Structure formats: C-alpha cells, structure tokens
Amino acid sequence: MSYPRLGQPLPLALVNTRYAQSGQPRDALATPAALDAWLRLTDLPLTTTDASDAVALERFRTLRSALRVLFQSVADQADPPVAAVELLNRLSAAAPVVARLEWRDGAARLSSAALAATSVDAALASVARAAMTLLAGPDASRIRACHGPGCVLFFLAERRRRDWCSPACGNRARVARHYRRHRAAQL
Ligand SMILES: [Zn+2]
C-alpha cells in the first residue's frame with residue numbers, strides 16, 4: 001500500500017486516503033477491493049464480504065468528503081456546513097452503542113454493545129463518532145491541513161506551530177519559498 005499512513009486518528013486517516021503523488025491526485029479508495037484493503041489496516045468491526053460492494057464504497061467516500069470539509073473548516077477556524085455535521089449525526093444514530101454492566105469474578109465491569117445494525121453501518125458510525133470526539137475535544141485545535149506544496153493531507157500537530165504533515169513536505173515548502181525569493185530577486 002503506497003498511500004501515506006501517518007499514524008493519524010482514524011477520521012484523519014480516512015480523509016488522507018485522498019493524497020497526492022508527484023503532484024497528481026490519488027485515491028486509495030477507488031474500488032471496493034481497495035476499501036477492503038484499507039479496512040483491514042483499521043480495527044473497524046467490518047467483515048470483508050460486507051465491505052466489498054459499490055454501495056458501501058460510496059458511503060465511505062461520502063463520509064470521507066464530509067470529514068474533509070469539517071477538518072478544513074476547523075483548520076481555517078470557520079464554521080463547517082450544517083450538512084457535514086448532520087451526516088455524522090445520522091451515521092452515529094444508525095448504529096447506536098449502549099453501555100452494559102456485567103458481573104464477572106465478583107466484580108462489576110462496564111462494556112459497550114452495539115445495537116442491531118449492519119457491519120457497514122457500525123463501521124461508518126464508529127468513524128463518525130471518532131470524528132465527533134475529535135472535533136468536540138481538546139485535540140480539535142491541533143487539526144491542520146498540510147501547507148506543503150501540492151499536499152492535501154490533514155494531521156494532528158504535535159506542536160502548536162507545525163504546518164507540515166511530514167519533514168518531506170516541510171523541505172518542499174522551504175525549497176519552494178527559496179525558489180520564489182530567488183526569482184523575485186532576479187525580476
Ligand atoms: Zn504534507
């Protein structure tokens with residue numbers, strides 16, 4: 001698998017299945033088989049057979065588009081479109097998770113259980129809820145769109161001032177800036 005995996009939280013990893021290679025846009029979720037391959041890298045509750053169809057692929061791609069819009073809005077410190085927020089709410093509601101109390105070995109244990117839903121619904125809901133937690137939590141302020149030339153990736157910045165998803169993008173940005181300055185000096 002050649003697309004960038006940056007150890008990002010799942011919702012960002014999903015958005016980053018659209019990436020650029022040598023300035024060309026690439027899509028790691030172009031076919032149902034590609035979705036299968038991606039899902040196997042995650043711990044989403046989804047069986048391969050469920051995911052291998054065009055409808056499931058389209059649903060994941062729709063969620064991915066909404067997440068891109070949401071993360072871009074947050075990176076720009078703007079309010080996202082209502083439709084993108086509502087998609088997350090709808091996907092979450094389609095596969096509710098309830099708290100469960102169990103008594104085992106003389107001790108109470110808390111677990112959660114998914115209410116009846118298809119595994120595609122459950123997987124989409126799981127990504128949607130991870131995105132909700134990220135967007136409404138303290139890490140939201142660390143969501144960045146990479147400023148690397150031609151790069152379309154999103155990432156969580158470890159430091160407040162970090163504009164690049166990777167050292168490679170940082171280098172490309174520095175080279176581009178140097179080139180621009182050099183050109184400006186020549187004109
Ligand atoms: Zn980048």
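In this text the structure is predicted, and so the values were computed from the model without any measurement. Note that ligands are numbered from 1 as they come in the structure, with each ligand's atoms numbered from 1 the same way. Any value given below was found using the heavy atoms of this structure, including those in side chains, with hydrogens, waters and symmetry copies removed.
Remark: Asp79 CG is loosely packed, at most 12 non-hydrogen atoms of other residues, nucleotides or ligands lying under 6.0 Å away.
Arg64 and Thr17 are linked by a side-chain donor-acceptor pair at a separation below 3.5 angstrom, with hydrogens and angles left out of the test.
Annotation: cation-pi geometry not satisfied between Arg172 and Trp164 (NZ/CZ under 6.0 angstrom from ring centroid, within 45° of ring axis).
Classification of the Phe60-Trp38 ring pair by plane angle, with boundaries at 30° and 60°, yields perpendicular.
Of all protein N/O/S atoms, those lying under 2.8 Å from the Zn ion (ligand 1) come to 4.
With Asp53 contributing its side chain and Val55 its backbone, the two residues share a donor-acceptor pair below 3.5 Å. Panel note: side chain Gln8, backbone Leu156; a donor-acceptor pair is recorded below 3.5 Å.
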